[in-house]
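Numbering starts at 1 and runs along the sequence shown. Note that this is a predicted model, so its numbers are computed, not measured. What's counted below: heavy atoms across the whole structure, side chains too, no hydrogens, waters or symmetry copies.
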Amino acid sequence: MARAFLVVMDSVGIGGAPDADAFFNGKVPDSGANTLGHIRAACAAGEAEESRSGPLHLPNMARLGLWQALALANGAAPEGEAEGRWGAATEVSPGKDTPSGHWELAGLPVPWDWTYFPDTRPAFPADLSAYVAKAAGTEGVLGDCHASGTTIIEELGAAHCESGWPICYTSADSVFQIAAHEETFGLERLLALCEAVAPRLHAMKVGRVIARPFTGSAEAGFSRTPNRRDYAIAPPAPVLTNWVQAAGGKVHAVGKIGDIFSMTGIDEVRKGPDAALMEHLSDLVGEAGEGAPNFANFGGVDSLYGHRRDVSGYARALEWFDAEIGKVIARLGPEDILVLTADHGNDPTWIGTDHTRERVPVLVAGQGAGPLGLMGFTGVADLVARHLGASPGA
């Protein structure tokens with residue numbers, strides 16, 4: 001009954017990327033960024049005391065070898081013994097974004113350079129904005145800039161509700177985001193708009209078009225809803241999910257995995273906020289059949305705390321995750337493995353609000369103890385495929 005649970009802790013980097021100086025937050029290179037290491041240091045120094053206190057407490061991941069992986073990633077000598085297998089993975093894809101990280105973890109480094117929009121006003125080519133407006137049935141778009149998703153709906157939510165024009169914005173990622181009010185614009189209309197314009201953006205090698213619905217009013221304030229949907233470029237070659245399907249396995253996706261892979265090789269999707277996703281993952285421990293890879297993404301630490309540079313919030317979320325994943329690990333069967341990793345960094349102590357180029361931890365429960373060493377992101381896919389008897393590249 002071999003089964004695998006591959007869990008991506010979105011943005012939980014551990015520093016040490018050898019090419020970090022080639023990636024930037026604004027004009028500042030990412031060399032020196034270390035999401036987990038800097039959060040741990042801030043907690044130890046009493047600088048992350050909002051709704052939590054003291055040193056960063058991650059006993060379940062520590063038992064698997066988290067601190068040894070952190071040391072290895074940064075060129076220090078790992079100390080102590082761990083109960084799991086542990087290592088640190090280095091990315092080769094030319095990005096520090098969600099699709100790049102996940103595709104490579106699934107065995108496929110990104111074979112092209114993504115398109116990024118300049119941090120100018122306007123950010124988008126005039127013909128692209130006109131194309132989106134025409135698809136929306138409006139005379140124009142709002143935004144047309146780099147922005148925080150929460151900030152831009154505060155700034156333009158009222159104008160959007162009055163004009164009906166969609167709010168279009170981007171970030172340092174290869175992404176085109178469209179925000180619209182669920183009632184005045186309509187959720188289904190927003191999703192249809194994103195689906196309609198995605199092929200043009202994908203042809204430009206923009207990685208994702210993201211629907212960002214929100215509700216509220218100018219008087220009460222606006223807030224984003226959980227109905228986000230990503231329209232991502234499909235991987236151009238088979239990945240782990242395809243390999244396992246070819247071997248007869250059924251692939252369960254938890255969180256935004258289905259969106260990230262454009263449903264490539266996915267049989268079932270379960271969504272929700274992180275608390276619900278943890279319940280889904282726990283349910284799959286009891287339900288998933290033999291040969292199943294259960295591929296999960298937990299994105300709360302990234303979207304809620306990393307981009308907002310909230311060190312205390314990030315630490316709280318990590319401690320919650322550690323406690324809950326410990327319960328899942330305790331329920332694994334004798335032939336199961338659970339692999340914990342990440343897709344990039346998002347150091348909340350760093351300048352700017354972008355992801356950070358970092359190595360990521362690789363922690364394995366259910367396969368004995370010992371070091372995996374330094375490895376590539378694609379090594380994660382190989383590890384899972386071997387356990388399930390699937391052939392890489394099938």
Going from [atom1] on [X] to [atom2] on [Y], what distance comes out if it is rounded to the nearest 0.5 angstrom?
| X | Y | atom1 | atom2 | answer |
| --- | --- | --- | --- | --- |
| R331 | L338 | CZ | CG | 12.0 Å |
| L156 | T151 | CG | OG1 | 10.5 Å |
| I178 | L191 | CD1 | CG | 10.5 Å |
| L383 | L105 | CG | CG | 11.5 Å |
| T378 | L108 | OG1 | CG | 10.0 Å |
| I210 | Q177 | CD1 | CD | 4.5 Å |

message: Between the side chains of E324 and K327, is the shortest nitrogen-to-carboxylate-oxygen separation below 4.0 Å, so that they form an ion pair?
response: yes
task: Apply side-chain hydrogen bond (donor to acceptor under 3.5 Å, both in side chains) to the pair Y314 and S11, showing each step before the final yes or no.
output: CA-CA 10 Å; Y314 206 128; S11 86; 2.6 Å; yes
task: Decide yes or no on side-chain hydrogen bond (donor to acceptor under 3.5 Å, both in side chains) for S93 and W103, but give the supporting numbers first.
output: CA-CA 9 Å; S93 297; W103 286 13; over 6 Å; no
Of all the heavy-atom pairs spanning [X] and [Y], show the shortest one and how long it is.
| X | Y | answer |
| --- | --- | --- |
| S174 | G207 | OG-N, 3.0 Å |
| V360 | I14 | C-CD1, 3.6 Å |
| A69 | A88 | O-CB, 4.0 Å |
| D144 | S129 | OD2-OG, 3.5 Å |
| V269 | I266 | CG2-CG2, 3.7 Å |
| A292 | G289 | CB-O, 3.1 Å |

[X]-[Y] co-clustered via ILVMFWY side chain contacts under 4.5 Å:
| X | Y | value |
| --- | --- | --- |
| I257 | V239 | yes |
| L6 | L277 | no |
| I167 | V209 | no |
| L340 | F295 | no |
| V251 | V380 | yes |

Derivation and outcome, side chain to side chain contact (heavy atoms under 4.5 Å, CB included), residues D343 and D10: CA-CA 6 Å; D343 53 346; D10 203 306; 3.4 Å; yes
For the [atom1] atom on [X], are there more than 12 heavy atoms of other groups (residues, nucleotides or ligands in this structure) within a distance under 6.0 Å?
| X | atom1 | result |
| --- | --- | --- |
| K205 | NZ | yes |
| E49 | CD | yes |
| H57 | NE2 | no |
| L332 | CG | yes |
| E268 | CD | yes |
| E183 | CD | yes |

message: Run the side-chain hydrogen bond (donor to acceptor under 3.5 Å, both in side chains) test on S100 and E91 for me, step by step, so that the C-alpha distance in whole Å, both residues' side-chain angles and the decisive distance to 0.1 Å come before the verdict.
response: CA-CA 9 Å; S100 296; E91 185 175 12; 4.6 Å; no
- prompt: Applying the side chain to side chain contact (heavy atoms under 4.5 Å, CB included) test to F321, which of V7, D274, N60 qualifies?
  reply: V7
message: Name the residue from L388, V339, T241 that meets the side chain to side chain contact (heavy atoms under 4.5 Å, CB included) definition with P293.
response: L388
field: ring-ring contact (aromatic ring centres under 6.0 Å, His included): pairs with one or both residues in residues 346-385, sequence neighbours excluded
entry: H307-H355, H344-H355
Output field: ring centroids F214/H181 closer than 6.0 Å: yes
- request: Show your working on side chain to side chain contact (heavy atoms under 4.5 Å, CB included) between L142 and I152 and close with a plain yes or no.
  value: CA-CA 10 Å; L142 300 173; I152 202 165; over 6 Å; no
message: Filter on salt bridge (Lys or Arg N to Asp or Glu O under 4.0 Å), then keep only pairs touching residues 11-26, sequence neighbours left out; what's left?
response: D19-R357
message: Considering only residues two or more places apart or on different chains, which pairs with a residue in residues 211-239 satisfy salt bridge (Lys or Arg N to Asp or Glu O under 4.0 Å)?
response: R208-D230, R228-D230
- request: Apply salt bridge (Lys or Arg N to Asp or Glu O under 4.0 Å) to the pair K96 and D354, showing each step before the final yes or no.
  value: CA-CA 9 Å; K96 51 175 180 174; D354 188 20; 3.2 Å; yes
- prompt: So N34 and D347, side-chain hydrogen bond (donor to acceptor under 3.5 Å, both in side chains) or not? Walk me through it.
  reply: CA-CA 6 Å; N34 186 334; D347 189 339; over 6 Å; no
query: Is there side-chain contact between E319 and L58, with at least one heavy-atom pair below 4.5 Å?
result: yes
Under 3.5 Å donor-acceptor, T341 side chain and P361 backbone: yes
- prompt: What's the verdict on side chain to side chain contact (heavy atoms under 4.5 Å, CB included) for R3 and V285, showing C-alpha distance, side-chain angles and the deciding distance?
  reply: CA-CA 9 Å; R3 303 184 305 172; V285 172; 4.2 Å; yes
